[in-house]
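By convention in this document, chain letters (A, B, ...) are assigned in the order of the sequence lines, proteins followed by strands, and residues within each chain are numbered from 1. Hydrogens, waters and symmetry mates are skipped; everything else that's a heavy atom, side chains included, is used. Quantities reported herein were computed from a predicted structural model and do not represent experimental measurements.
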2 protein chains.
Amino acid sequence: MAADENPRQATIFDVARLAGVSHQTVSRVLNDLPNVRPSTKARVEEAIKKLRYVPSPAARALVTRRSRTIGLIAAGATEYGPSSAVLYFNSAARDARWSVFTANMVDSDQGSIRGAVEAFLRQNVEGIAVIAAQEVAVDVVAGMELSIPLVVLRAVPRHGLDTVGADQYHGARAAVQHLISLGHSRIGHLAGPSDSVDAQERERGWRDELAAHGLVATTHGIGDWSPAAGYRFGSECELTGLTAIFAANDQMAVGLMHALRERGLAVPQDMSVIGFDDIPEAAHLAPPLTTLRQDFQRLGQDMLTTLLARIDGGPAGSVLTAVPQLIVRSSTTVPGREAPTARRVGDVPASTPRHL
Amino acid sequence: MAADENPRQATIFDVARLAGVSHQTVSRVLNDLPNVRPSTKARVEEAIKKLRYVPSPAARALVTRRSRTIGLIAAGATEYGPSSAVLYFNSAARDARWSVFTANMVDSDQGSIRGAVEAFLRQNVEGIAVIAAQEVAVDVVAGMELSIPLVVLRAVPRHGLDTVGADQYHGARAAVQHLISLGHSRIGHLAGPSDSVDAQERERGWRDELAAHGLVATTHGIGDWSPAAGYRFGSECELTGLTAIFAANDQMAVGLMHALRERGLAVPQDMSVIGFDDIPEAAHLAPPLTTLRQDFQRLGQDMLTTLLARIDGGPAGSVLTAVPQLIVRSSTTVPGREAPTARRVGDVPASTPRHL
DNA sequence: TCGCGAAATGTGATCGATCACATAACGGAA
DNA sequence: TTCCGTTATGTGATCGATCACATTTCGCGA
């Protein structure tokens, strides 16, 4: 592999000279403009190849004020869902020959997010994508009244915003429906943080599906998506009469099952547990976890498509991709035994969600 | 929040006019060059603030051929370890006011990686970082003989390359040492893919620590880091005489324990299992997993520091951060019962690793 | 007051593309 | 052949910074 260490990169003028045309004609070829004789075009393209010429994005950006570059704000990108969406968004962008500046937020306070967006703007990004569980991230970016397109991963359309998202609400209803069809009637819920729209939608789905069957939504907790939060909820919550729990994501379900085990309850015999996301570990937990699978690949790709369409001047719009798919494994079953009795570590009033 | 939609961004000339100086003086203030009177400097800075002026990176990059931009190749970024390193690398870069182009590879074949690097070069990145389990990614990038600094996440220094990594080898030895000190003498290993240096180092640590105690390395498998691979190994491997298994990462340990459970073996009573990484779920598995914790935050930050130092003309070097820390939980214990007998699903010759 | 070197500031070229406009070449009808 | 409207190509300005170099101002000793 000849690593020809050019003294300097070839410029458009070098190409022009070699092809025996003016730099402007080269520019026409580069940008696929009309009115170039095929024979000329061929000569130019050959010169480009011979010199291994690549146009300078800096020079181009300077005059066109376009950069073919996108900014991506990613918060909570160590969790499975968001990080998958980021992966596929990024990959799709590369396929479309766009470059992506990424800002992975370790903490998504207002200042950091604002700073990241400002850095993007300074780099002349042509659009911004936000993949963040926390609604505050969306609020901040939306509040900056950018003059460039913005697309957000979000289960619910929001006025003035392009959104892409999976149907969390009906996914959650499917989860609860599954439990009800097994015969459960008291079904608890461990929700995600209340500043997350996905979490809100899953909780709303839980309530509505219960209501649709004349059941009441009682036991309820709020976690931060982490296994530790699931564990705390599982240790502290009031279980009397409860036969099933719907956890807002798989990671919390892991912690939850751990706590139930410690309280002497068997899953699924004493308590059915259902998660959300279908992380790779889900099939191998003890017991293998029933959950709802989301198509993160599709989400990431749709986000990119939507953003590019908007950059090209297309109309605003919201995409709601398919409903998450129910994957039945072994953590749910019919409510076999009596309502469980277990020593309880903490006590939570049934109707008041408790922050963990 | 006055969203003053300027007709156009202010330029260095606007600032110069307002401050009553030449554009060159403004440039001096911007770049902290000497020979500017403090009073003049103050006037310029005030003008900058008043006009909300930000220098154009495109114009700057065009003339300086510098971009204050880094390219990051990330492969396997849905796994916990790499994605954490990516997160902290990125965050540290933003703190240092550098922008990061990220290329998340969904598959890391030679062509994709080469393409990503070429896109980076086109964008005039000043350095490239590689966070990838697969050694092929490193080979490709290193083989391109770039004229810009390159830093790689890698447990072992490699000639002509700046590397940063945790000491996988001694981490693995600590894992095996832990098992031996509990009384185990036949300790199997489920390694990561053989094209991963981390995997090689962990395996080498396993072998060497056994040898140091006069024990032989027998049962051995090769997985791809996924829970599914752990499960396949656990279902198929020969267990006779074995009392402990060291899995090269936590995710495979999850699958492994699942398979052991299905074969009627209890962890840790019949088989001790130890993992590597300490994923957030580890503490909540059944049983909670003994493992080795890596400091990914430190790794990401060190990578950035090393890369920036090289960009500033510093000498090449390799950083080996601390040895991963042993976290003892409940998946390991003394080898209580007799050597286990279990129905076996498959059969593997003891000395030949089997690809899963 | 003068002179002179250092400090402070200004002027014009430059990076490498596109844009706006001018001009040359072509091709068919009068 | 002449003319004229396309089609093809070329010329010079422009984007917004830095760089190289020229010029002015300042401070201080002779």
Side-chain angles (χ1 to χ4, degrees), chain A residues 6-48 51-69 97 99 121-126, chain B residues 6-48 51-69 97 99 121-126:
Chain A
N6 295 13
R8 200 183 289 169
Q9 262 281 39
T11 76
I12 200 171
F13 290 93
D14 300 322
V15 175
R17 195 175 318 121
L18 182 61
V21 296
S22 76
H23 68 278
Q24 176 61 7
T25 300
V26 177
S27 175
R28 288 196 182 94
V29 172
L30 288 175
N31 298 292
D32 259 326
L33 295 177
N35 300 343
V36 178
R37 201 172 302 168
S39 63
T40 316
K41 181 169 180 174
R43 259 194 356 269
V44 170
E45 278 168 345
E46 196 175 341
I48 289 177
L51 294 174
R52 302 207 184 174
Y53 165 75
V54 223
S56 147
R60 198 172 251 176
L62 182 57
V63 55
T64 60
R65 294 153 191 287
R66 298 201 54 176
S67 59
R68 211 178 170 83
T69 279
R97 321 199 111 260
S99 297
L121 294 178
R122 225 169 290 146
Q123 295 283 358
N124 287 314
V125 299
E126 295 185 47
Chain B
N6 295 12
R8 198 184 289 171
Q9 262 281 37
T11 76
I12 199 171
F13 290 93
D14 300 323
V15 175
R17 194 175 317 120
L18 182 59
V21 296
S22 76
H23 68 277
Q24 177 60 6
T25 300
V26 177
S27 175
R28 288 197 182 93
V29 172
L30 288 176
N31 297 291
D32 257 328
L33 295 177
N35 299 342
V36 178
R37 202 171 302 168
S39 62
T40 316
K41 183 169 179 175
R43 259 196 354 270
V44 170
E45 279 168 345
E46 194 175 341
I48 289 177
L51 294 174
R52 301 205 185 176
Y53 166 74
V54 222
S56 147
R60 197 173 251 178
L62 181 59
V63 55
T64 60
R65 295 155 189 287
R66 298 201 55 178
S67 59
R68 213 179 168 81
T69 278
R97 321 199 111 260
S99 297
L121 294 178
R122 227 168 289 145
Q123 295 282 356
N124 288 313
V125 299
E126 294 185 48

Notebook entry, point to check: Taking only N and O in the side chain of Ser27(A), is any of them less than 4.0 Å away from OP1 or OP2 of dT18(C)?
Noted result: yes
Counting only pairs under 3.5 Å, give me each side-chain donor-acceptor contact of residues 15-26 of chain A, with atom names and distances, residues two or more places apart or in other chains.
unit_1	atom_1	unit_2	atom_2	d
Ser22(A)	OG	Gln24(A)	N	3.4
Ser22(A)	OG	Thr25(A)	N	3.4
Ser22(A)	OG	Thr25(A)	OG1	3.4

Item checked: Nucleotide nearest Thr11(B) when distance is taken to its side chain, options dG16(D), dC21(D), dG16(C) -> dG16(D)
Next item on the list: Report the residue (Thr64(B) or Arg28(B)) whose heavy-atom-nearest nucleotide on DNA chain D is the more 5′ of the two.
Entry: Thr64(B)
Item checked: Residue-level proximity of residues 30-37 of chain A to DNA chain D when a heavy atom falls under 4.0 Å -> Asn35(A), Val36(A), Arg37(A)
Item checked: Pairs involving residues 18-37 of chain B, ordered by first then second residue, that meet salt bridge (Lys or Arg N to Asp or Glu O under 4.0 Å) (sequence neighbours left out) -> Asp32(B)-Lys41(B)
Check: Counting just side-chain N and O atoms, does Arg65(A) come under 4.0 Å of either OP1 or OP2 of dT18(C)?
Finding: no
Check: Does a side-chain heavy-atom distance below 4.5 Å link Leu30(B) with Tyr53(B)?
Finding: yes
Check: Is Thr40(A) near enough to dT9(D) that one of its side-chain N or O atoms lies under 4.0 angstrom from OP1 or OP2?
Finding: yes
Next item on the list: Please list, by residue number, the residues of residues 12-25 of chain A whose heavy atoms come closer than 4.0 Å to an atom of DNA chain D; answer none if no residue qualifies.
Entry: Val21(A), Ser22(A), His23(A), Gln24(A), Thr25(A)
Notebook entry, point to check: Distance-only, no hydrogens or angles: does the Gln123(A) side chain make a donor-acceptor pair with backbone N or O of Ser99(B) under 3.5 Å?
Noted result: no
Margin query: Checking Arg122(B) now: which residues fulfil side-chain hydrogen bond (donor to acceptor under 3.5 Å, both in side chains) with it, not counting sequence neighbours?
Written below: none
Check: When the C1' atoms of the five terminal pairs at each end define the local axes, what inter-axis angle does the helix from dT1(C)-dA30(D) to dA30(C)-dT1(D) show, to 10 degrees?
Finding: 60°
